[in-house]
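Worksheet: one structure, shown below.
The analysis underlying the following values was restricted to heavy atoms, covering all of them including side chains, and did not include hydrogens, waters or symmetry mates. Chain letters run A, B, ... following the sequence lines, proteins first and then strands; every chain starts at 1.
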Number of protein chains: 2
Amino acid sequence: MPVMSVDFANKLHSEGYRLTPQRQLILEAVRKAGGHLTPDQVYARVHTRHPAISRATIYRTLDFLCEMRLAVAMQWDGQTYYEIAGEQPHHHLICRTCGGIEPLAPGLVDSFVEAVSRKQRFTIDMDHIALFGLCERCRVGKSASSRHSSR
Amino acid sequence: MPVMSVDFANKLHSEGYRLTPQRQLILEAVRKAGGHLTPDQVYARVHTRHPAISRATIYRTLDFLCEMRLAVAMQWDGQTYYEIAGEQPHHHLICRTCGGIEPLAPGLVDSFVEAVSRKQRFTIDMDHIALFGLCERCRVGKSASSRHSSR
DNA sequence: CTTCTTATTGCAACTATTCGCAATAACCTT
DNA sequence: AAGGTTATTGCGAATAGTTGCAATAAGAAG
Ligand SMILES: [Mn+2]
Ligand SMILES: [Mn+2]
Ligand SMILES: [Zn+2]
Ligand SMILES: [Zn+2]
C-alpha cells in the first residue's frame, strides 16, 4: 500500500486517467532509485514486489509518465533511460570516450533556446537534453596521444 | 559495377577495412536518396539490386559509415535515420506537433558549442543535432485554441 | 596466378520492444 | 453497496534490431 501523493491521483483523474497499483509502484521505483534507469532495471525492481507485472506495462507506464511530465527520458547508446522530472529541467553532457556524465549549465541552454526562439521563431523543448562529446579529461589524454603519434 | 570514389577506398584501406560491393551499394543508395533514410528504406533500395543482401549487413554498414564519418544518424520517433554527411555539419529543428523539419542555423549552434567549451571545458560533437519542439505555425495555432478554450 | 590471413557477410537464433485483444478493475452513477 | 462504462492490464504474437558463428572473399605477399 504505497502512500502516493494526492497530486499524482488528482493529476491523473483530472485528465480521465486512472490510478492503478502498477502505476504507483513504477513511479515509486523510479523515484526511489533517484537516477537514470532502463525499463529493464525498473522491471527488476518492481517485479520483486509485484511478480505478476508485465514488461509491456513497464514500457507503457514509463512512456505514460513522460507524457504526464512526471518523468523524463534520455537516449544513450541505444537504450532509453528514465528519471523523475525535477522542479527545474536539467541537462547532461555525456563523454563518448569515458562514458562520464556531467551536468550542463542550465543558463547556457536557456541562452541558446532563447536565441533560437528569437531568431528562428522555433520553441525548443528543453525538458532533459543530453548532448554527447568529449570531456576535458579525455580531450587532454587524446591530444597527448595524438601529439605522440604525429612524431 | 558502381563507380566509387577513390577517396572511399583509400579511407577504408588506410584503416585496415575492406571495400566490398555491399558497402558500395549501401553508400551509393544513401547518397542517391539525398535525404534521411531508415535502415528499412535502405534495405528496400539495395535489395532490388542485390537480393542476397542481409538486413544485418544494412544495420552494420550504416553504423560503420557513421563511424567513418561518411554518414550521420538521427533519432526520431523511435527510428534511426541516416544521411550522407555533407561538407559542413548541419542541424534540424523538428516540430513535435506537425512533424515539420526546418534547418537550425549553424551559427547559433556554434555559439552554444563554443560557450559550453569555454565555460565547462566540454567539447560537444556537433555532426548532426536534431532538437524537438514547436514550430511557429503550430505555436500560433496552439495559443489561438488555448485562448478559445479559456473562455 | 596462387596462397594466406582475417575482415566481412549471410544466416539463424536471440533479445528488446511494440501491439492486438480479451479479461480485469478503477471509478462514476445511482 | 451494486452496476455500468471503459481505461488499463497481462498475455502472447508480431516486429525491430543485435549477435555468434561458419562460410566467404578482399587484399597482401610471394
Ligand atoms: Mn537526467
Ligand atoms: Mn540531416
Ligand atoms: Zn571522458
Ligand atoms: Zn509544427
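- Residues Gly16(B) and His50(B) each lie close to DNA chain C; by heavy-atom proximity, the contact nearer the 5' end of the strand is made by Gly16(B).
- Residues passing the ring pair (Phe, Tyr, Trp, His ring centres under 6.0 Å) test with His47(A), sequence neighbours excluded: Tyr43(A).
- Chaining together hydrophobic side chains whose heavy atoms lie under 4.5 Å apart leaves Tyr59(A) on its own.
- For His91(A), there are no ring pair (Phe, Tyr, Trp, His ring centres under 6.0 Å) partners at least two apart in sequence or on another chain.
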inquiry  = One character per nucleotide, please: for nucleotides 21-30 of chain C, 5' to 3', B when the base has a protein heavy atom closer than 4.0 Å, S when only the sugar-phosphate does, - otherwise.
reply    = ----BBS---
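- When the local axes at the two ends of the helix from dC1(C)-dG30(D) to dT30(C)-dA1(D) are compared, using 5 base pairs at each end, they differ in direction by 30° after rounding to 10°.
- For the ring pair (Phe, Tyr, Trp, His ring centres under 6.0 Å) test, residues two or more places apart in sequence or in another chain that qualify with Phe64(A) are Tyr17(A).
- Nearest heavy-atom pair across Ala29(B) and Val46(B) is CB-CG2, 3.7 Å.
- Pairs of residues two or more places apart, or lying in two chains, never qualify as salt bridge (Lys or Arg N to Asp or Glu O under 4.0 Å) while including a residue from residues 70-90 of chain B.
- Contact check, Ser54(B) against dT9(C): no side-chain N or O comes under 4.0 Å of OP1 or OP2.
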Show which side-chain atoms of residues 97-112 of chain B pair as donor or acceptor with protein atoms under 3.5 Å away, not counting sequence neighbours.
from, atom 1, to, atom 2, distance (Å)
Ser111(B), OG, Gly107(B), O, 3.0

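- Residues passing the side-chain contact (heavy atoms from CB on, under 4.5 Å) test with Arg69(A), sequence neighbours excluded: Asp127(A).
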Enumerate the protein-to-nucleotides 14-17 of chain C contacts in which both atoms are nitrogen or oxygen and the separation is below 3.5 Å.
from, atom 1, to, atom 2, distance (Å)
dT17(C), OP2, Tyr59(A), OH, 2.3
dT17(C), O5', Tyr59(A), OH, 3.1

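- Through side-chain heavy atoms spaced under 4.5 Å, either directly or across other Ile, Leu, Val, Met, Phe, Trp or Tyr residues, Val72(A) is tied to no other residue.
- Counting only residues at least two apart or on different chains, the salt bridge (Lys or Arg N to Asp or Glu O under 4.0 Å) pairs with a member in residues 44-64 of chain A are Asp40(A)-Arg55(A).
- For Leu65(B) and dT8(C), the CG to P distance is 12 Å, given to the nearest whole Å.
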